[in-house]
K.L.:
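The structure is given below, and queries will be raised subsequently.
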Protein chains: 2
Amino acid sequence: MMTDEQLREQLKQKGLKITPQRVAIYRAVMKLKNHPTAENIIEHIKLNYPNISIGTVYKVLDSLVENQLLKKVKNEKDVMRYDAIIHQHHHLYCIETERIEDYDDPDLDKLITKYFKQKKIKGFKVKDITLQINGEFKIK
Amino acid sequence: MMTDEQLREQLKQKGLKITPQRVAIYRAVMKLKNHPTAENIIEHIKLNYPNISIGTVYKVLDSLVENQLLKKVKNEKDVMRYDAIIHQHHHLYCIETERIEDYDDPDLDKLITKYFKQKKIKGFKVKDITLQINGEFKIK
DNA sequence: CTGCGTGCAAATGGTTTGCACTACG
DNA sequence: CGTAGTGCAAACCATTTGCACGCAG
């Protein structure tokens with residue numbers, strides 16, 4: 001999550017040209033909470049930017065993910081979803097609806113990190129851990 | 001994971017007919033470790049069952065997942081993978097290769113369950129938690 | 001100016017669907 | 001026998017690709 005200025009800075013640093021499309025797409029992911037799909041993003045952008053191309057949106061999303069400005073969010077179904085929050089965090093998946101919500105919990109992270117510091121998994125080097133917390137929202 | 005006999009029993013209980021296709025597909029997922037894709041499964045089955053149809057494989061996989069005899073495994077890419085181990089367990093995702101390995105850790109489960117018993121997430125009822133542990137295998 | 005990025009349209013590929021036929025119970 | 005399940009081929013649909021043009025640096 002960042003301001004326009006920071007985004008420009010980041011793009012420059014990663015050697016990506018600052019194009020209105022890239023800025024608009026990043027803004028869209030940021031604005032559309034709840035982990036939009038490519039289609040959600042296109043729909044939103046077309047309002048102010050009617051002739052953006054679908055192919056471009058996918059290419060831009062890919063390049064932003066590659067450069068760690070966005071993250072992909074896995075889901076059971078086959079459409080990819082995107083997240084502008086790239087620091088370590090978890091997700092609440094609603095079993096009934098398609099809702100995916102962010103879940104931040106430094107205490108939990110600490111607990112798990114500490115656990116894996118003691119109990120090593122042999123033959124495997126842990127880089128990061130994401131919890132996929134399935135359940136349902138009580139208030140819709 | 002179960003024997004032929006248990007599988008037949010399960011299918012009967014769920015009101016699913018026992019067809020050679022269903023048995024073969026379940027067996028294949030069980031035999032092919034490392035969370036096969038539908039294509040892996042088809043390939044394997046065609047050896048002994050040359051005229052099975054792709055559509056059937058997908059339908060059978062869906063019905064087995066619906067009836068909790070198999071589980072879907074999410075992955076970053078857009079191909080779905082399947083798992084015959086349906087009890088609560090976690091996955092080690094290799095960042096470099098496509099390898100996905102099972103990770104069972106009752107102590108960890110206990111720790112996390114205990115944690116969430118105290119710290120409720122407001123407005124959300126937790127059903128189950130899966131850890132997606134990203135990293136790399138030291139020995140290839 | 002030079003090449004990265006875009007728009008467009010066609011191609012890809014995993015998955016789904018519709019329908020006539022088959023075989024499980 | 002009746003219906004759930006299968007095989008086949010066509011349809012779907014999210015995503016990718018190739019290419020000519022445009023614009024950021």
Side-chain angles (χ1 to χ4, degrees), chain A residues 4 7-29 35-46 48-67 69-70 72-82 98, chain B residues 4 7-29 35-46 48-67 69-70 72-82 98:
Chain A
D4 261 30
L7 177 59
R8 288 158 169 286
E9 188 47 43
Q10 281 290 314
L11 289 173
K12 198 185 289 178
Q13 242 178 64
K14 306 280 166 86
L16 298 174
K17 289 186 177 169
I18 300 165
T19 66
Q21 290 89 336
R22 288 217 243 253
V23 176
I25 289 168
Y26 183 83
R27 291 246 82 93
V29 178
H35 314 81
T37 63
E39 208 181 301
N40 297 149
I41 296 165
I42 291 164
E43 202 180 332
H44 178 79
I45 290 182
K46 286 234 162 163
N48 303 314
Y49 210 129
N51 25 331
I52 195 161
S53 140
I54 301 176
T56 300
V57 174
Y58 280 106
K59 285 174 198 160
V60 168
L61 287 171
D62 279 356
S63 79
L64 294 181
V65 169
E66 237 164 68
N67 288 283
L69 299 174
L70 292 179
K72 289 185 175 182
V73 180
K74 302 174 203 307
N75 83 351
E76 208 82 35
K77 308 291 167 53
D78 58 356
V79 270
M80 203 51 87
R81 295 171 68 166
Y82 297 86
E98 293 291 83
Chain B
D4 261 28
L7 176 59
R8 289 160 168 284
E9 187 49 42
Q10 282 289 315
L11 289 173
K12 199 185 290 178
Q13 242 179 65
K14 306 279 165 86
L16 298 174
K17 288 186 180 169
I18 300 165
T19 65
Q21 291 89 336
R22 289 217 241 253
V23 176
I25 289 168
Y26 183 83
R27 290 246 81 94
V29 178
H35 314 82
T37 63
E39 208 181 302
N40 297 149
I41 296 164
I42 291 162
E43 201 180 331
H44 178 79
I45 290 182
K46 285 233 163 162
N48 302 314
Y49 210 129
N51 24 331
I52 196 163
S53 140
I54 301 176
T56 300
V57 173
Y58 280 106
K59 285 172 197 161
V60 167
L61 287 171
D62 279 356
S63 79
L64 294 182
V65 169
E66 237 164 67
N67 288 283
L69 299 175
L70 291 179
K72 290 186 174 182
V73 179
K74 304 174 202 307
N75 83 349
E76 208 84 34
K77 307 292 168 52
D78 58 355
V79 270
M80 203 49 88
R81 295 170 70 165
Y82 297 86
E98 292 292 83

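Convention: sequence-line order gives letters A, B, ...; per-chain numbering from 1.
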K.L.:
Tell me the interatomic distance from Ile54(B), atom CD1, to dT16(C), atom C1', rounded to whole angstroms.
P.N.:
12 Å
K.L.:
Using the side-chain heavy atoms of Ala38(B), tell me which of these nucleotides is nearest: dT15(C), dG5(C), dA4(D).
P.N.:
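Within the option list, the nearest is dT15(C).
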K.L.:
Is any side-chain nitrogen or oxygen of Gln21(B) closer than 4.0 Å to OP1 or OP2 of dG7(D)?
P.N.:
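The answer is yes; a side-chain N or O of Gln21(B) sits under 4.0 Å from OP1 or OP2.
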K.L.:
Return the value, rounded to whole Å, for the distance between atom CD1 of Ile41(A) and atom P of dA14(D).
P.N.:
13 Å
K.L.:
Does the side chain of Asp62(A) come within less than 4.5 Å of Lys72(A)'s, by heavy atoms?
P.N.:
yes
K.L.:
Separation of Arg22(B) atom CZ from dG25(C) atom P, in whole Å?
P.N.:
9 Å
K.L.:
CD of Glu43(A) versus C1' of dA14(D): gap in Å, rounded?
P.N.:
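So the two atoms are 15 Å apart, to the nearest Å.
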K.L.:
Report yes if a donor N or O on one partner sits less than 3.5 Å from an acceptor N or O on the other, where the partners are the side chain of Lys59(A) and the base of dG7(C); otherwise report no.
P.N.:
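Under the 3.5 Å cut-off, the side chain and the base do form a donor-acceptor pair.
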K.L.:
So, do Ile18(B) and Glu9(B) sit near enough that their side-chain heavy atoms are less than 4.5 Å apart?
P.N.:
no
K.L.:
In whole angstroms, how far is the C1' atom of dT6(C) from the CG atom of Leu64(A)?
P.N.:
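To the nearest whole Å, that distance equals 14 Å.
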K.L.:
Per the side chain to side chain contact (heavy atoms under 4.5 Å, CB included) rule, which among Leu69(B), Leu7(B), Val29(B) passes with Leu64(B)?
P.N.:
Leu69(B)
K.L.:
Using side-chain heavy atoms (C-beta onward) and a distance below 4.5 Å, is Ile52(B) in contact with Lys46(B)?
P.N.:
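Sidechains of Lys46(B) and Ile52(B): in contact.
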K.L.:
How about Val65(A) and Tyr82(A): do any of their side-chain heavy atoms sit closer than 4.5 Å?
P.N.:
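When only atoms from C-beta onward are counted, Tyr82(A) and Val65(A) do touch, with a gap below 4.5 Å.
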K.L.:
Starting at CG of Asp62(A) and ending at P of dT6(C), how long is that distance when rounded to a whole Å?
P.N.:
12 Å
K.L.:
Could you tell me the separation between the CD1 atom of Ile42(B) and the C1' atom of dG14(C), rounded to a whole number of Å?
P.N.:
10 Å
K.L.:
So does Thr56(A) get a side-chain nitrogen or oxygen closer than 4.0 Å to the phosphate oxygens (OP1/OP2) of dG5(C)?
P.N.:
no
K.L.:
Think Tyr58(A) has a side-chain N or O under 4.0 angstrom from the OP1 or OP2 of dT16(D)?
P.N.:
no
K.L.:
Let me spell it out: for each of Leu16(A) and Gly55(A), pick the nucleotide of DNA chain D with the closest heavy atom. Which residue's pick is nearer the 5' end?
P.N.:
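Taking each residue's closest nucleotide, the earlier one in sequence belongs to Gly55(A).
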K.L.:
From the set dT6(D), dG7(C), dC4(C), return the single nucleotide nearest to any side-chain atom of Thr19(B).
P.N.:
dT6(D)
K.L.:
Of the options dG14(C), dA14(D), dT15(D), whose atoms approach the side-chain atoms of Glu39(A) most closely?
P.N.:
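Between dG14(C), dA14(D), dT15(D), the one nearest the side chain of Glu39(A) would be dA14(D).
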K.L.:
Take atom NZ of Lys14(A) and atom P of dG25(D), then tell me their distance rounded to the nearest Å.
P.N.:
16 Å
K.L.:
What's the closest nucleotide to the side chain of Lys17(B) if the choices are dG7(C), dT3(D), dA24(D)?
P.N.:
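So the nucleotide nearest the side chain must be dT3(D).
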